[in-house]
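To start, the structure under review is shown below, and the notes come after it.
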Amino acid sequence: MALEEFYHATPIQIRFNDVDGFGHVNNTIIQEYFDIGRVHYLREAFGGELWKNDKVVLIVSIKTDFFKQTLPDDQVRVLTRVYHLGGKSLRMLQWLVKEGDAEPTATCDSVMAGYDQASQSGMVIPDDWRRDFDRMEKGRLIPGTAL
């Protein structure tokens, strides 16, 4: 995977309280940065909305790896992409990257599932959402739609 394979980036402002006693951004805060990137990606995909008619995607599995420290003066951004669409779920990959670096300081791989809040049950990812994610990924998710 390379930087060029991500089409969505969210700049992150490191705050004073993000830094722990060791002088670096705490790993739990880095997970919050991934959440910020995820929210921005979903809002852009869904035209500004996060929930559509009581239908959402929920995180059902998450794996985060840390490779380098993130320091208070670093300029960082979260790169986000959906790389797989299943029937009821999708896979999302995120990188936290320092300005000028080609490799991530941390990565997050998550599985998100469709969920209908009204019926309190899982749901198939709707076709219009599939098209939204495919548009965000420039046609990489649905065969025959590459831009």
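Predicted, not measured: the structure shown is a model, and the values here were computed from it.
- D73 is linked by a salt bridge (charged side-chain N to carboxylate O under 4.0 Å, His left out) to nothing, counting only residues two or more places apart in sequence or in another chain.
- Cluster annotation: L85 and V111 are assigned to distinct hydrophobic clusters (Ile/Leu/Val/Met/Phe/Trp/Tyr, side-chain heavy-atom contacts under 4.5 Å, transitive).
- Qualifying side-chain contact (heavy atoms from CB on, under 4.5 Å) partners for I30, counting only residues two or more places apart in sequence or in other chains: V25, N27, Y33, F34, F66, T70, L96, A106.
- One finds the CG atom of L79 at 12.5 Å from the SG atom of C108 (value rounded to the nearest 0.5 Å).
- F133 is linked by a ring-ring contact (aromatic ring centres under 6.0 Å, His included) to F46, counting only residues two or more places apart in sequence or in another chain.
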Trace of the side chain to side chain contact (heavy atoms under 4.5 Å, CB included) decision for I125 with V57: CA-CA 9 Å; I125 303 288; V57 286; 4.1 Å; yes
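- The side-chain contact (heavy atoms from CB on, under 4.5 Å) check on F22 picks up D20, H24, with sequence neighbours excluded.
- Residues satisfying the side-chain hydrogen bond (donor to acceptor under 3.5 Å, both in side chains) criterion with R38, sequence neighbours excluded, are D35, Q94.
- Heavy-atom contacts from other residues, nucleotides or ligands closer than 6.0 Å to CD of Q120 number more than 12.
- Atom CZ of R77 and atom NZ of K98 lie 14.0 Å apart (nearest 0.5 Å).
- By the rule that hydrophobic residues join a cluster once side-chain heavy atoms approach within less than 4.5 Å of another member, V82 and L93 end up as members of separate clusters.
- Among residues two or more places apart in sequence or in another chain, the salt bridge (charged side-chain N to carboxylate O under 4.0 Å, His left out) test is passed with E32 by R15.
- The side-chain heavy atoms of V97 and T105, taken from C-beta on, include no pair separated by under 4.5 Å.
- Under 4.0 Å is where a charged nitrogen must lie from a carboxylate oxygen, and between D65 and K63 at least one such pair does.
- Put simply, the side chain of R81 does not reach to within 4.5 Å of the side chain of M136, judged on heavy atoms.
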Per-pair distances, 0.1 Å, donor-acceptor, side chain in residues 1-10, under 3.5 Å, sequence neighbours excluded:
| unit_1 | atom_1 | unit_2 | atom_2 | d |
| --- | --- | --- | --- | --- |
| E5 | OE2 | A2 | N | 3.0 |
| H8 | NE2 | E44 | OE1 | 3.2 |

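- For R91, the side-chain hydrogen bond (donor to acceptor under 3.5 Å, both in side chains) criterion is met by Y83, D109, not counting sequence neighbours.
- Taking the salt bridge (charged side-chain N to carboxylate O under 4.0 Å, His left out) definition, one finds that D116 meets it with K55, sequence neighbours left out.
- Of all non-hydrogen atoms in S110 and I62, the two that sit nearest each other are CB-CG1, 4.1 Å.
- For Q31, the side-chain hydrogen bond (donor to acceptor under 3.5 Å, both in side chains) partners are T64, not counting sequence neighbours.
- Contact detail for G23 and P72: the closest heavy-atom pair is O-CD, 3.3 Å.
- Taking 4.5 Å as the limit, every side-chain heavy atom of L90 sits out of range of all side-chain heavy atoms of W129.
- Of the inter-residue distances, the one linking I142 atom CD1 with R135 atom CZ reads 11.5 Å to the nearest 0.5 angstrom.
- At a threshold of 4.5 Å between side-chain heavy atoms, the hydrophobic network of Ile, Leu, Val, Met, Phe, Trp and Tyr places I59 and Y115 in one connected group.
- Not counting sequence neighbours, K88 has no partner by the salt bridge (charged side-chain N to carboxylate O under 4.0 Å, His left out) test.
- Placement of I36 and Y41 in two distinct hydrophobic clusters is found when ILVMFWY residues are connected by side-chain heavy-atom separations under 4.5 Å, directly or transitively.
- For the pair L58 and M112, the minimum side-chain heavy-atom distance is 4.5 Å or more.
- Between atom CG of residue D74 and atom CD of residue E99 there is a gap of 10.5 Å, rounded to the nearest 0.5 Å.
- A heavy-atom distance below 4.5 Å is not found between the side chains of N26 and V19.
- Atoms OG1 and CG, on T80 and L42 in that order, are 8.5 Å from each other to the nearest 0.5 Å.
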Walk me through it: do I12 and V78 pass the test side chain to side chain contact (heavy atoms under 4.5 Å, CB included)? CA-CA 7 Å; I12 300 294; V78 172; 3.8 Å; yes
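- Residues V60 and S89 have side chains not in contact (no heavy-atom distance under 4.5 Å, counting atoms from C-beta outward).
- Of the possible polar contacts, none joining the R43 side chain to the H40 backbone as a donor-acceptor pair under 3.5 Å is found.
- For the atom pair H84 NE2 and M92 CE, the distance stands at 13.5 Å (nearest 0.5 Å).
- For Q75, the side-chain hydrogen bond (donor to acceptor under 3.5 Å, both in side chains) criterion is met by no residue, not counting sequence neighbours.
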